Number of protein chains: 2
Amino acid sequence: MHVINIDFNSDEAIYVQLINQIILGIATSKIQEGDYLPSVRELAEYIGINMHTVNKAYSILKQEGYVKLDRRRGAIIAIDIDKMRAIEDMKEDLRVTIAKAICKNISCDEAIKVVREIYNEFERG
Amino acid sequence: MHVINIDFNSDEAIYVQLINQIILGIATSKIQEGDYLPSVRELAEYIGINMHTVNKAYSILKQEGYVKLDRRRGAIIAIDIDKMRAIEDMKEDLRVTIAKAICKNISCDEAIKVVREIYNEFERG
DNA sequence: GGGCTGTTATATAATATATATAACAAATAT
DNA sequence: ATATTTGTTATATATATTATATAACAGCCC
């Protein structure tokens, strides 16, 4: 986890930044299935934030099926793949994003091009 | 604006829900370029919320280039198309969404399929 | 002038976020 | 056995964000 970089001036809550960066870390294979995350106390100290902020992030990651929490060893990356649900969640995320795109005259093909670009970035990551 | 439907139990702030619903309204052509939005006072009363909450939403919509605010007549839908910027914004939005998708084993083709579906939903709106 | 606009200012309440301590049960390691 | 480390839970508090409540202002129109 040399990956975490919190922007304290961001308008995004710290726990949200943590969640997103861990998910980005998994997507780019910097963290892999089976890897252990630092304990809530360790990571909190490392970043310089409170234990509960990390705990909140870990709990949500657990609830959304990205990690499992082991009482004796900490948080381990374990993806729960409920693909139907994941696709529905993605669709929900995409609605507003695409609505904005349509307002700004971005065509379907242009949007797809960007999706491809990002997939490529991640997969070679 | 028979379109606005605020969920007071949502974890999303009211002003964010307002912004998103107006953008969705534009994308689905329920509201069109040149249409006037209700005045901040009108819409606030109609929904049953405070004037400033609506004003906050309108101000952000203005700043992001979806409306222009006319002192004598109110808010008018006027899209400012800075396409380069819009594409960058979209890319930023998509990063986390696609990172989640990759974690959940959703392929690029599957993601693109969803993008197409949403474009179709909007364009036949 | 009276009635609309958005805009700005101020004060306050309610909620969300972040921190500070502390304690607990379970699993190790020494 | 004892000490340590894990996530978990609880409580209290501080800070920031969000939402509300009033009020006033300038510009425009009838």
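Hydrogens, waters and symmetry mates are skipped; everything else that's a heavy atom, side chains included, is used. A quick note: this is a predicted structure, and the numbers were derived from the prediction, not measured. Chain letters run A, B, ... following the sequence lines, proteins first and then strands; every chain starts at 1.
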| note | Letter by letter from the 5' end, nucleotides 13-19 of chain C scores (B base, S sugar-phosphate only, - none; protein heavy atoms under 4.0 Å) ----SSB

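- When the P atom of C/dC4 is taken as reference, atom CD of B/Glu45 falls 12 Å away, rounded to whole Å.
- Going from atom CG of A/Leu61 over to atom P of D/dG7 covers 13 Å, rounded to whole Å.
- Using a 4.0 Å cut-off, no side-chain N or O of A/Ser39 falls inside it from OP1 or OP2 of D/dT5.
- Atom OH in A/Tyr36 sits roughly 11 Å away from atom C1' in D/dT6 (whole-Å rounding).
- Taking atom CD on A/Gln17 and atom P on D/dA16, their separation rounds to 16 Å, with Å as the unit.
- No side-chain donor-acceptor contact under 3.5 Å links A/Tyr66 to the backbone of A/Ile60.
- Considering only heavy atoms from C-beta on, A/Thr53 stays 4.5 Å or farther from A/Ile47 through its side chain.
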| message | Does the protein touch nucleotides 25-30 of chain C at the base, only the backbone, or not at all? Give it as B, S and - per nucleotide, heavy atoms under 4.0 Å. | response | -SSS--

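- Straight-line distance from the OH atom of A/Tyr58 to the C1' atom of D/dT5: 14 Å, rounded to whole Å.
- Scored by the side-chain hydrogen bond (donor to acceptor under 3.5 Å, both in side chains) test, A/Lys68 finds no partners at all (sequence neighbours excluded).
- For D/dT6, the OP1/OP2 oxygens have no side-chain nitrogen or oxygen of A/Lys68 closer than 4.0 Å.
- At a cut-off of 3.5 angstrom, counting only N and O atoms as typed in the model, there is no donor on one side facing an acceptor on the other between the side-chain of A/Arg41 and the base of D/dT4.
- Distance, A/Leu69 CG to D/dT8 C1': 10 Å, rounded to whole Å.
- Counting heavy atoms from C-beta on, the side chains of A/Asp93 and A/Asp89 never come closer than 4.5 Å.
- Counting to the nearest Å, the C1' atom of C/dG3 and the CD atom of B/Glu42 are 13 Å from each other.
- In this structure A/Gln63 satisfies the side-chain hydrogen bond (donor to acceptor under 3.5 Å, both in side chains) test with no other residue, sequence neighbours excluded.
- Residues that satisfy the side-chain hydrogen bond (donor to acceptor under 3.5 Å, both in side chains) test with B/Gln32, not counting sequence neighbours, are absent from this structure.
- A/Tyr119 is not listed as a side-chain neighbour of B/Leu94, based on a closest heavy-atom distance of 4.5 Å or more.
- B/Leu18 and B/Met51 fall within the same hydrophobic cluster, where Ile, Leu, Val, Met, Phe, Trp and Tyr residues are linked whenever their side-chain heavy atoms come under 4.5 Å apart, directly or through other members.
- Within the structure, the salt bridge (charged side-chain N to carboxylate O under 4.0 Å, His left out) test picks out the following pairs touching residues 99-115 of chain B (sequence neighbours left out): A/Lys83-B/Glu110.
- The distance between atom CD of A/Gln63 and atom P of D/dG7, rounded to the nearest whole Å, is 18 Å.
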